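Values reported hereafter were calculated over all heavy atoms of this structure, with side chains retained and with hydrogens, waters and symmetry mates removed. Predicted model only: the values in this text are computed from it and were never measured.
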Amino acid sequence: MKVLTLNTHSWLEAQQKEKLEIIVERIMKADYDIIALQEVNQLSHNAVIETPENFCSLLEQTPIKQGNFAYEIVKKLKEKGVTYYWSYAMSHIGYDIYDEGSALLSKTPIDPYAVFVSIEESPDNYKSRKILFGKTTADDIELLAVSCHYSWWITQSEGFSYEWNNTINTLSHYDMPKLVMGDFNNPEGTEGYTFVINSEANIQDTYTVATKRTGSHTIEKNIAGWEDNDGKLRIDFIFSTPEFKVLRHGTVFDGKTEAIVSDHFGVEAEIVR
């Protein structure tokens, strides 16, 4: 199976419509089975879409509004004859005008669940973090896909560590293979990264175990949340449970595979069980 994760930085990019088309074309070319997206934005004041196509709803669902970036991708793919099911969970208000959240896309229906893992749970607080879990199927394997966007490391009991411990609690309720993907905001080699690798989640970094690798870092300049960064950091990850063998891991939307479409590069992996 082929999987992708991308922090889309949606509706905040110059030439956003052209970049949306680049994302759609890459999805069609790579033929991903499962896609995790973060910073999936919709304008808070936009009209609600009552029955979005192929949408797999949460029990307590934030309304889908016109311009939802994940839905724009799904619709454009549908126009080209490619069908994806999708789910969406909002975390907080971004830039005072957007509902900001995460999405999952899958070729097969999704049974979604979302939970706040942060201390804060108000949509008005940018520190509120909701993680989207989705049971789905790929290569005839029932698995759990997770789209994540976490806070930065503070201490072993605050920020990212608190959120990751709550994520582990939810993961423990799913007895099946798992793919945990997204923007972790904790670079490879740091305390936060080690916290994940050594945790009870029992997951592997697909980059480190891949038979073949292309690319590495996923940000390379000062961006929102990393204003003091002047180097190349790997903060976007695909983690899997160890029953998966990783054939290939690489960066996409990095100016080499395709044009850059976000302030993050995307990460893709090809895995088998």
Exercise. Would you check if there is a donor-acceptor pair between the side chains of E100 and H92 at a distance under 3.5 Å?
Key: yes
Practice problem: Might you work through the side-chain hydrogen bond (donor to acceptor under 3.5 Å, both in side chains) test for Q42 and N68, ending with a clear yes or no? | Solution: CA-CA 4 Å; Q42 58 184 22; N68 180 288; 2.9 Å; yes
Quiz item: Are W153 and Y193 close enough that their ring centers fall under 6.0 Å?
Solution: no
Self-check item: Charged N-O contact under 4.0 Å between E163 and K130
Solution: no
Self-check item: Under-4.0 Å salt bridge between D31 and K2
Solution: no
Show every donor-acceptor pair shorter than 3.5 Å between a side-chain atom in residues 111-119 and any protein atom, with sequence neighbours excluded, or say none if there are none.
unit_1: S118; atom_1: OG; unit_2: E120; atom_2: O; d: 2.5
unit_1: S118; atom_1: OG; unit_2: R129; atom_2: N; d: 2.8

Quiz prompt | Approximate separation, where rounding is to 0.5 Å, of N54 CG and W86 CH2 | solution = 10.0 Å
Quiz item: Are K75 and E72 within salt-bridge range, i.e. N to O under 4.0 Å?
Solution: yes
Quiz item: Do E13 and K19 meet the salt-bridge criterion of a basic N to acidic O distance under 4.0 Å?
Solution: yes
Practice problem: Answer yes when K107 and D139 have at least one side-chain N-carboxylate O distance shorter than 4.0 Å, and no when they do not. | Solution: no
Quiz item: Can you tell me how far the OG atom of S102 sits from the CZ atom of F133, to the nearest 0.5 Å?
Solution: 10.5 Å
Exercise. Go through the side-chain N and O atoms of T5 and Q38 and say whether any donor and acceptor fall under 3.5 Å apart.
Key: yes
Quiz prompt | Test ring-ring contact (aromatic ring centres under 6.0 Å, His included) applied to F239 - qualifying residues, sequence neighbours left out | solution = F184, F237
Tabulate below the donor-acceptor pairs under 3.5 Å that side-chain atoms of residues 247-260 make, not counting sequence neighbours, or state none.
unit_1: R248; atom_1: NH1; unit_2: E268; atom_2: OE2; d: 2.8
unit_1: R248; atom_1: NH2; unit_2: E268; atom_2: OE2; d: 3.4
unit_1: T251; atom_1: OG1; unit_2: D254; atom_2: OD2; d: 2.8
unit_1: D254; atom_1: OD1; unit_2: K256; atom_2: N; d: 2.9
unit_1: D254; atom_1: OD1; unit_2: T257; atom_2: N; d: 2.9
unit_1: D254; atom_1: OD1; unit_2: T257; atom_2: OG1; d: 3.2
unit_1: T257; atom_1: OG1; unit_2: F253; atom_2: N; d: 3.1
unit_1: E258; atom_1: OE1; unit_2: F253; atom_2: N; d: 3.1
unit_1: E258; atom_1: OE2; unit_2: R26; atom_2: NE; d: 3.3
unit_1: E258; atom_1: OE2; unit_2: R26; atom_2: NH1; d: 2.7

Quiz item: Taking the six-membered ring for Trp, are Y98 and Y95 parallel (under 30°), tilted (30 to 60°) or perpendicular (over 60°)?
Solution: perpendicular
Quiz item: Would you say the side-chain atoms of S106 pair up with the backbone N or O of T136, donor to acceptor, closer than 3.5 Å?
Solution: no
Quiz prompt | Side-chain donor/acceptor of S87 to backbone N/O of L104, under 3.5 Å | solution = no
